[in-house]
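Report on the structure given below.
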Amino acid sequence: MTQREWADKDYYADLGVSKSAGQEEIKKAYRQLARDNHPDTHPGDAKAEERFKKVSEAYSVIGDADKRREYDELRSALAGGGFRFPGAGGGFGGGGFGGGAPGGAGGPGGAGGFDFNVSDIFGEGGGGGGFGDFLNGFVNRGGGAGGAGRATRPRRGADVETEITLDFREAAKGVTIPLQLTNPSPCTTCHGSGAKPGTHPVTCGTCHGSGFTNEQRGAFGFSAPCPDCGGQGTKIEDPCSDCSGTGVTTRRRTITVRVPAGVVDGQKVRLAGQGEAGLRGRPAGDLFVTVHVRPDEIFTRSGDDLEVTVPVSFGELALGGTITVPTLDGKVRVRVPAGTADGRTLRVRGRGVPKRSGTPGDLLVTVRVQVPPKLDDAAASALRSYVEAERAGGFNPRDGWAGAK
């Protein structure tokens, strides 16, 4: 997708978000629309397929922070602020492309000013160069056409994604682990500069460090990436032999990943600047680590609360007592009130999953009665005596039960 193709498309409208929407809001809107219009859920529906392609294209641009910035600059430039060109006495007026020169004098083409169509501006007619080339230069330079002294915008390296799997307790408490990666990294010989050790990149003599060359065509000035330095603004006269002047080599490296306490299954941890290295010392991309969490044989989670089910006897519930319960850090003793019902959940404050705020969740202890599979004669006799005494006291567990009617 080129900047020329962006000009007459409103990607924000395609995703149903405002121009001030955050990246998370844009991602959420895209996911919802992609699910609603996916061809797999609408087989044979041409309109849904077309809508799916539309939102995918929109997200590929404004879902990327760098592309979104360029898209916004391009749309803003076309919307009405007007351009001013080097060497021209005036510019397009604030009303768009149709304004005349200051003081009421018409620009080229007569007093009525310019009469452009966006499709004409970005069309194929008229040979090479043209307005599209100018706008490409305008956007990539990060400023107006008059900013001849500005350098090109640094291009960062690509983001990298990887996955790790943690035990439940490691994810709950947080852990620091080593992670091995094989990807483009700064050259250790030239330290990412691309130049042979002892030398340095020199300013390009053609563009004088701006990364662009300018060409005057009548009243218009056009910019294009410098052909001698490739838009870098500098040239390497003696390149590093290990990276061939790129400043980047592919190598295996080990980094330390700190996974915060309380991470959940599927969550991504971002490590800024740990992705692929940018060419010739440009900033590196980011590393996104997706965390998978193995189930635990004892604990489960509900948000920041830790859940555990503890087997108890009928006597412990009926008479009350104290039971020992495991936590992420050792064990605690929990009091069971007399007359506790089977399945009741007891809360132990502050013994759950740690929070970033520093206040951990709670430990939720659910008690479940375990019935002995077999009783010896003495236990059976004692239990029968208890049942008789229970009946004599008037207790019937089915009193008030709808099924007893």
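- Looking at heavy atoms from C-beta onward, V334 lies out of side-chain contact with T322 at the 4.5 angstrom threshold.
- With hydrogens and angles left out, the side-chain atoms of Y71 and D66 include no donor and acceptor closer than 3.5 Å.
- Heavy-atom contacts from other residues, nucleotides or ligands closer than 6.0 Å to NE2 of H200 number 12 or fewer.
- Under the side-chain hydrogen bond (donor to acceptor under 3.5 Å, both in side chains) criterion, T188 pairs with no residue, sequence neighbours left out.
- Under the rule for a side-chain hydrogen bond (donor to acceptor under 3.5 Å, both in side chains), E237 has no partner lying at least two apart in sequence or in another chain.
- Looking only at side-chain heavy atoms (C-beta outward), L364 and L306 stay at 4.5 Å or farther from each other.
- Looking at Q23 and R68, their side chains come closer than 4.5 Å, going by heavy atoms from C-beta outward.
- Nearest heavy-atom pair across P225 and T213 is O-OG1, 4.3 Å.
- Interatomic distance, T165 OG1 to E170 CD, rounded to the nearest 0.5 Å: 10.5 Å.
- With respect to K268 and E161, a salt bridge is recorded, a charged nitrogen being found less than 4.0 Å from a carboxylate O.
- Considering all non-hydrogen atoms of both residues, V293 and V263 come closest at CG2-O, 4.5 Å.
- Looking at residues two or more places apart in sequence or on another chain, you find no side-chain hydrogen bond (donor to acceptor under 3.5 Å, both in side chains) involving R31.
- With rounding to the nearest 0.5 angstrom, the CD atom of E70 is 14.5 Å from the CD1 atom of I62.
- Of all heavy-atom pairs spanning G352 and L328, the tightest one is O-CD1, 3.9 Å.
- How far OG1 of T199 is from CG of D238: 5.0 Å, rounded to the nearest 0.5 Å.
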Open item on the list: Could you go through E390 and F395, starting from their C-alpha distance and side-chain angles, then the distance that decides it, and tell me whether this counts as side chain to side chain contact (heavy atoms under 4.5 Å, CB included)?
Closed with: CA-CA 6 Å; E390 185 180 64; F395 175 73; 3.3 Å; yes

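- Residues V310 and T366 have side chains not in contact (no heavy-atom distance under 4.5 Å, counting atoms from C-beta outward).
- At a threshold of 4.0 Å, the pair D296-R169 counts as salt-bridged, since one of the basic side-chain nitrogens sits closer than that to a carboxylate oxygen.
- Of all heavy-atom pairs between T234 and C229, the closest is O-CB, 3.5 Å.
- For CG of D377, the number of neighbouring non-hydrogen atoms (other residues, nucleotides, ligands) closer than 6.0 Å is 12 at most.
- Proximity of a side-chain donor or acceptor of E316 to a complementary backbone N or O of S313 within less than 3.5 Å is detected.
- With respect to D329 and K173, a salt bridge is recorded, a charged nitrogen being found less than 4.0 Å from a carboxylate O.
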TODO: List the steps, then state whether side chain to side chain contact (heavy atoms under 4.5 Å, CB included) holds for L181 with I255.
DONE: CA-CA 8 Å; L181 298 172; I255 63 173; 3.8 Å; yes

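- Between V257 and L271 there is a side-chain heavy-atom pair separated by less than 4.5 Å.
- Here the CZ atom belonging to F314 is positioned 10.5 Å from the CG atom belonging to D342, to the nearest 0.5 angstrom.
- Using modelled atom types and a 3.5 Å distance limit, the side chains of T182 and R252 yield a donor-acceptor pair.
- Listed for the T359 side chain is no donor-acceptor partner under 3.5 Å among the backbone atoms of K355.
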TODO: Any chance you could lay out the side chain to side chain contact (heavy atoms under 4.5 Å, CB included) test for F288 and V160, step after step, and finish with the verdict?
DONE: CA-CA 6 Å; F288 292 89; V160 175; over 6 Å; no

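- Side chains of F299 and V353 form no contact here, defined as non-hydrogen atoms less than 4.5 Å apart.
- Side-chain N or O atoms of R51 include one that pairs as donor or acceptor with a backbone N or O of D14 at under 3.5 Å.
- The closest side-chain donor-acceptor pair between R35 and Y30, if any, does not fall under 3.5 angstrom.
- Side-chain atoms of D10 come within 3.5 Å of backbone atoms of A13 as a donor-acceptor pair (strictly under, hydrogens ignored).
- Side-chain contact check for E163 and T290: no donor-acceptor pair (N or O, by modelled atom type) lies under 3.5 Å.
- When all heavy atoms of D305 and D362 are compared, the closest pair comes out as OD1-N, 2.8 Å.
- Using a 4.5 Å heavy-atom cutoff, the side chains of V325 and V348 are not in contact.
- Here the side chain of R251 pairs no donor or acceptor atom with the backbone of C187 at under 3.5 angstrom.
- Distance check, rounded to the nearest 0.5 Å: OG1 of T309 to CZ of R368 gives 6.5 Å.
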TODO: Check the pair L166 / R294 against side chain to side chain contact (heavy atoms under 4.5 Å, CB included), numbers first and verdict last.
DONE: CA-CA 6 Å; L166 302 179; R294 298 186 189 96; 5.8 Å; no

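- Ion pairing between a basic and an acidic side chain is recognised when a charged N comes within 4.0 Å of a carboxylate O; E57 and K53 show no such pairing.
- Within the 3.5 Å criterion, the main-chain N or O of V336 finds no donor-acceptor partner in the side chain of T340.
- Formation of a donor-acceptor pair under 3.5 Å by the S210 side chain with backbone atoms of C207 is found in this model.
- Partner of D159 under the side chain to side chain contact (heavy atoms under 4.5 Å, CB included) criterion, chosen from D286, L287, D64: D286.
- Here the side chains of K54 and Y59 are not in contact, with every heavy-atom distance at 4.5 Å or above.
- In the model, S244 has no side-chain atom that pairs as donor or acceptor with a side-chain atom of T246 under 3.5 Å.
- Q180 and T254 get closest at one heavy-atom pair: CG-OG1, 3.5 Å.
- Under the 3.5 Å distance criterion, with hydrogens and angles disregarded, a donor-acceptor pair is assigned to the side chains of R253 and S185.
- To the nearest 0.5 Å, the span separating CG on L33 from CZ on F52 amounts to 10.5 Å.
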